[in-house]
Structure formats: structure tokens, C-alpha cells
Amino acid sequence: MVSFASINPTWKLPGVSIEVDPSQAGTPVNPRWLVLHGIKLAAGQAPADRLIAVGTQADADRLAGQGSMLARMFKVAFAINRGTPIFFLPVAEPSAGVKATGTITVAAAPTVAGTIPLYIAGQKLQVLVGSSDTTAQVATKIANAINATGDLPVTAAAASAVVTLTAKWKGLSGNDIRVEDSYRGFYGGELLPAGLSLTYPTDNVLSGGTGTPDLTSAIANYGDGPHKFLALPFNDSGSFSLWDTEFGFSDSGRWGWVRQSYGQVWSVKRDSYANLFAYGPTNNSAVISPLALEPTSPTPTWEWTAAYAARAAGALSADPARPLQTLTLDGCLPAPQSGRFSKAQLNGLAQVGLAIQGTDLDGTSAGIPQILREQTSYQRNASGQADNSYEVATTLSTLDEVLTRIRQGLSTKFGRVKLTSNGTRFGAGQAIVTPLIIKAEIVAIYEGLEIDGIVENTTLFKNYLVVERSSTNPDTVEVLLPPDIVNGLRRLNVKAQFRLQFPSSLAA
């Protein structure tokens, strides 16, 4: 007797009745979408704390406000990755916050006409000045050039020889906006006109910004959709803790057994080597990968975050197990050569839970930063002991693929069946399964994963796989799943044991 899902055996009318069953037809599907999380301007039309799809820069400017954190993040992410659907998760600026400010002082007027190669948040402006311009006139020209460029994250006002810059939104994040000139220097064709002298804020960054946005409602509305890559520009401990809980392994987290929606968080932390080395051990999250950044990179951390998340989203959607090393972070300007972390420093940062990036370490990256290691901040187990289980981000992305395929395969084929013990006799076509049938299906799925380069050692997997009927609930099958996920080739150590000449006795 064949088990039909809908054809009624008491139907008496003559003819052929056909019901369609897709349970054997589906192929593995695991959509992964990218979410840019950040502050919107009041002029942005997108509702705060709600996910909304964004497909063009014009949409980004309209929804988040031109020059906003989110609009600038989209510009970087969309240039890197156009194959992954991108969403905004906007939040309002902190209501009790303060906007960051800084000044550019024209200390001396130019003696020849020329162009100021001015960089605001890593974006180059060209300000034309004349040989007879006064310091006040130069300041006015600088302010006008800034205000005429709508996608900058600041506004400007000139008074006498001083240009005051103000971030477009409130919050600590505004303190990451750098102001400088001639980033590429003499060999890059960038010099101030002769005689002109400009003075910038301390360390070339805006300051005085205070407050962090309230993320509670945004997290509550995140849901269980395939929004598996979150670009998180807020790296304070409170924000990390909230999103670690949302994506974590507890019953309420996306990696927990209740939700099973998975995903990872990508962020960036800028500071000196000493401060980053002290900061790393204060975090311990398997789902967050914070990328270490030098203080003098002109590009704001939220744009680095967008680049990191967009590159990860594209690469891990194509193959969740391949390491991200050597992938470029286009759109981000590295720190000047003298301000970049050394190989020894990068190695140290990777050992305290920080992902690392570098530029020109092998002489082939043409000045474009590359991901060197997609480290997560996970360093210790629940007992406080050193643990490398979730050391790299590809571990979770690979597990996501394994668990999603197995869950999809089992729920598709065995979504509405009867359960009997092994050895029960039943007719062909019956909607009945036994633990052995389920085990065979899991092994078949695993073999497919091995062919796709996601797992290895099917024979050992089969030996250690346990599928049995529950001894306390006859409606339940319990499974012990031991997947052996593939690893990435991250090091290739070679011992060059050279000779001046092989002995002639070995020539034969």
C-alpha cells in the first residue's frame, strides 16, 4: 500500500488521480544575505530598527541620508559584492549623544596657485587656491568644497582662517573621521601649494563625539531570515555583547537549537598595537570576527567593516569552507607605510582574537589591503581554558552548510512519516522510516558534502554516526552527528635543505 498525502482512498469517481510529491527533487539551498547595520540621518526615509533591502546607491542615499554612515557603507560593500542581496538595519543616532567636531586652520597662505589634495574620511577633495588668496579665503574655499560634496560624513563652516567640521550624526563613531592632506605624498603627486600651511585636529581625527545608539529594537526585529552576514560598525563592549547573544548558541541565539538560523558578525577595531593587544582578550565570541586596523588609515572603521563583511559574504556564499586570506578590501585606504603593523605585530594580534589585514606584505597587492586571517574573538571555553574550536570564521560558515543541508534533507524527505523500529516489515511505498533508513539518508547527504569539499572522512563519519530510537519517547529519533569539516591551507612550511653539489655516488 502506497502512502498518499492527499488522495482519498474512498474517492469513487473513475479516472486517474495524481498528487505531486517534491520530497525527492530538491537540491541543497542555503541563501546568505548581507546586512549593513549603522546610523541613519534624520533625513533618511527608512524606518529605524527594521530590515530593508537596498539595491542602488540612490536608494542608499534616500533611505539612510546622503553622507550617512550607512550610505557610505553601502558604497564600499556594493563595489565589492553585487551578487549578495544587501539589507540595511538602520538605527537612529543616540538621542543623548554629541556630534564630533574638529578644525582645519589655515596657518599660512599660499604663495603660488595650486590644488589642495584634502582627504575627509578617506575621500579625496581637490580645492583650488590662488597665489593671492588670504588665509580666510582659503578657509572659505575649503568649507565650500566640503559642503558641495554631499556624500561626505561632515559639514563645514568657515570663520576667519578656521574651518570647523561637524559630523552629520551624534555618537562616538564620529571620532573615527580623519582629516588630512597629501595622503599619497610626493611620489603620488600630492603636495600642498608652496607657502600654504594647514593645521589639523590632534591625531588628525574629529573628537568630542559621545553616545552609542540603542540597538535593542533593531536586534529584536532581526528575525530568523537568511541575513547571515552582519556588518557591525559599533565595536564597544555593549554592542558586541548584545549581538553576541543574538547570534550565539543559547536557546535565544541564532545558533541555538530553537532558531537554527546561524550567521556571523564582522567588525573592525582601530587602535595602536599595544591597545589592540590588550583589547583582544576582553572579547570571547565565536560569532564575531573583529579586524584589527592601524590608527592612521584614512578610511573610517565603518567602511572597513562594510568591505570586510561584503568580501566575506561573497566568498563564503560561493564556498563556505575556503579561507579568506589574500582577498582584497577594495575601497579602503591602508595606513601609510610607516604606520602599518609589522608581521610580528600581526602575528601577535591574531593570537588574541583579532582578524588581521595587511598591505604589500608580499609585494604583490599593489597597495590594496588584503585579509590575512579571518580570526574570531573566541579564545576560551566555558571553563576559561584556552580553546581553538572556533578560532577562524570559516569553521562556523562550514558548519552552517553542513547542518543546513542535513536539516533540509531530513525535513524534506521525512517531514510527515511514521516511525518504526529497525527490522519492522512494511510494504513498498509506505510513509514509514526506521532509524537505519534515517542513518542511510544522513550518510548520503554527508557523501554529497564530501564531494562538494565541505567535509571529509565519510567512512569514519559513518562509523561514529549514531541514529537510534529514543528510549523515553517512541516518537523521537536521536542522532549523534560527528562531521569532520575540511580545513583551510593557511601555512606551507618548507625546509630548504640545499647542497652545493649532490655526491657523485648518488648520481646513478
Side-chain angles (χ1 to χ4, degrees), residues 30-38 49-51 73 77 84-91 212-269 280 282-291 301-302 305-306 308-317 320-321 324 353-355 374-382 387-404 407 485:
N30 190 3
R32 293 175 167 95
W33 298 343
L34 171 62
V35 176
L36 305 179
H37 187 31
D49 307 320
R50 298 281 182 177
L51 288 164
M73 290 175 72
T84 302
I86 298 178
F87 288 73
F88 276 173
L89 183 59
V91 291
T212 56
D214 184 354
L215 308 181
T216 307
S217 295
I219 292 175
N221 293 329
Y222 197 75
D224 290 324
H227 307 97
K228 296 190 176 184
F229 298 92
L230 176 73
L232 178 62
F234 313 116
N235 52 37
D236 59 282
S237 59
S239 298
F240 267 24
S241 178
L242 289 170
W243 280 109
D244 177 63
T245 300
E246 168 64 11
F247 275 79
F249 298 88
S250 68
D251 289 358
S252 64
R254 286 176 65 94
W255 276 91
W257 69 274
V258 175
R259 296 174 65 181
Q260 302 179 69
S261 45
Y262 311 134
Q264 293 164 277
V265 180
W266 311 82
S267 192
V268 172
K269 176 68 173 177
T282 65
N283 301 301
N284 191 47
S285 172
V287 299
I288 300 178
S289 177
L291 183 72
T301 53
W302 55 83
T305 298
Y308 187 32
R311 187 61 81 192
L316 297 179
S317 294
L324 303 184
L354 290 165
E374 63 279 11
Q375 192 89 6
T376 73
S377 70
Y378 182 82
Q379 299 157 78
R380 302 173 298 279
N381 62 20
D387 183 11
N388 64 358
S389 300
Y390 302 111
E391 187 176 22
V392 288
T394 47
T395 297
L396 280 187
S397 65
T398 307
L399 280 175
D400 178 343
E401 185 70 15
V402 172
L403 301 179
T404 297
R407 187 178 72 249
I485 63 174

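The first residue of the sequence shown is numbered 1, and numbering continues consecutively from there.
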Output the distance between atom CD (Gln375) and atom CG (Leu354), rounded to the nearest 0.5 Å.
8.0 Å

Does the pair Arg380 and Asp387 meet the rule for a salt bridge (Lys or Arg N to Asp or Glu O under 4.0 Å), with working shown?
CA-CA 5 Å; Arg380 302 173 298 279; Asp387 183 11; over 6 Å; no

Looking at Arg259 and Gly223, would you say the former's side chain and the latter's main chain have a donor-acceptor pair under 3.5 Å?
yes

Say you draw a straight line from CG of Leu232 to CD of Glu246; how long is it, rounded to the nearest 0.5 Å?
12.0 Å

Using atom types as modelled and distance alone, determine if a side-chain donor or acceptor of Ser241 lies under 3.5 Å from a backbone N or O of Ser237.
no

CZ of Phe247 to OG of Ser252: how many Å apart, nearest 0.5 Å?
12.5 Å

Aromatic contact, Phe87 with Tyr222 (centres under 6.0 Å):
no

I want to check something: taking the side chain as every heavy atom from C-beta on, are Pro226 and Arg32 in contact at a cut-off of under 4.5 Å?
no

Parallel, tilted or perpendicular: which describes the rings of Trp243 and His37, with under 30° parallel and over 60° perpendicular?
perpendicular

Are side-chain heavy atoms of Tyr378 and Asn388 found at a separation under 4.5 Å?
no

I want to check something: taking the side chain as every heavy atom from C-beta on, are Phe234 and Pro213 in contact at a cut-off of under 4.5 Å?
yes

So, does Glu391 use its side chain to make a donor-acceptor pair with the main chain of Ala286 at under 3.5 Å?
no

Report the distance from atom CG of Asp214 to atom CG of Asp49, rounding to the nearest 0.5 Å.
7.5 Å

With distance as the sole test, does Trp266 use its side chain to make a donor-acceptor pair with the main-chain N or O of Leu230 at under 3.5 Å?
no

Any side-chain heavy-atom pair from Asn30 and Lys228 closer than 4.5 angstrom?
yes

Between Ser377 and Asn283, a side-chain donor and acceptor under 3.5 Å:
no

For the atom pair NZ (Lys269) and CG (Asp236), what is the distance rounded to the nearest 0.5 Å?
8.5 Å

Using side-chain heavy atoms (C-beta onward) and a distance below 4.5 Å, is Ser267 in contact with Phe240?
yes

Residues Leu51, Asn221; criterion side chain to side chain contact (heavy atoms under 4.5 Å, CB included); working and verdict
CA-CA 8 Å; Leu51 288 164; Asn221 293 329; over 6 Å; no

I'd like to know if the side chain of Gln264 and the backbone of Ile288 have a donor-acceptor N/O pair within less than 3.5 Å.
no

Quiz question: by atom type and distance under 3.5 Å, do the side chains of Tyr308 and Ser289 form a donor-acceptor pair?
yes

Heavy-atom side-chain contact between Thr394 and Leu316 under 4.5 Å
yes

Please determine whether salt bridge (Lys or Arg N to Asp or Glu O under 4.0 Å) holds for the pair Arg311 and Glu374, giving the CA-CA distance in whole Å, both sets of side-chain angles, and the decisive distance to 0.1 Å.
CA-CA 11 Å; Arg311 187 61 81 192; Glu374 63 279 11; over 6 Å; no

In Å, rounded to the nearest 0.5 Å, how long is the span from CG of Asp224 to CD of Gln260?
10.0 Å

Can you name the nearest heavy-atom pair linking Ala77 to Ala306, along with the distance?
CB-O, 4.0 Å

Tell me, do Ser239 and Leu215 make a side-chain contact under 4.5 Å, heavy atoms counted?
yes

On the six-membered ring of Tyr262, is Arg254 placed so that its NZ or CZ lies under 6.0 angstrom from the centre and within 45° of the ring axis?
no

Do Val392 and Thr376 make a side-chain contact, defined as non-hydrogen atoms from C-beta onward lying under 4.5 Å apart?
no

Report the residues that fulfil side chain to side chain donor-acceptor pair (under 3.5 Å) with Thr398, sequence neighbours left out, ordered by chain and then residue number.
none

Between Asp244 and Val287, does the side chain to side chain contact (heavy atoms under 4.5 Å, CB included) criterion hold? Intermediate values first, please.
CA-CA 7 Å; Asp244 177 63; Val287 299; 3.6 Å; yes

Ring pair (Phe, Tyr, Trp, His ring centres under 6.0 Å) with Phe88: which residues, sequence neighbours excluded?
none

Please check if the distance between the ring centroids of Trp33 and Phe229 is under 6.0 Å.
no

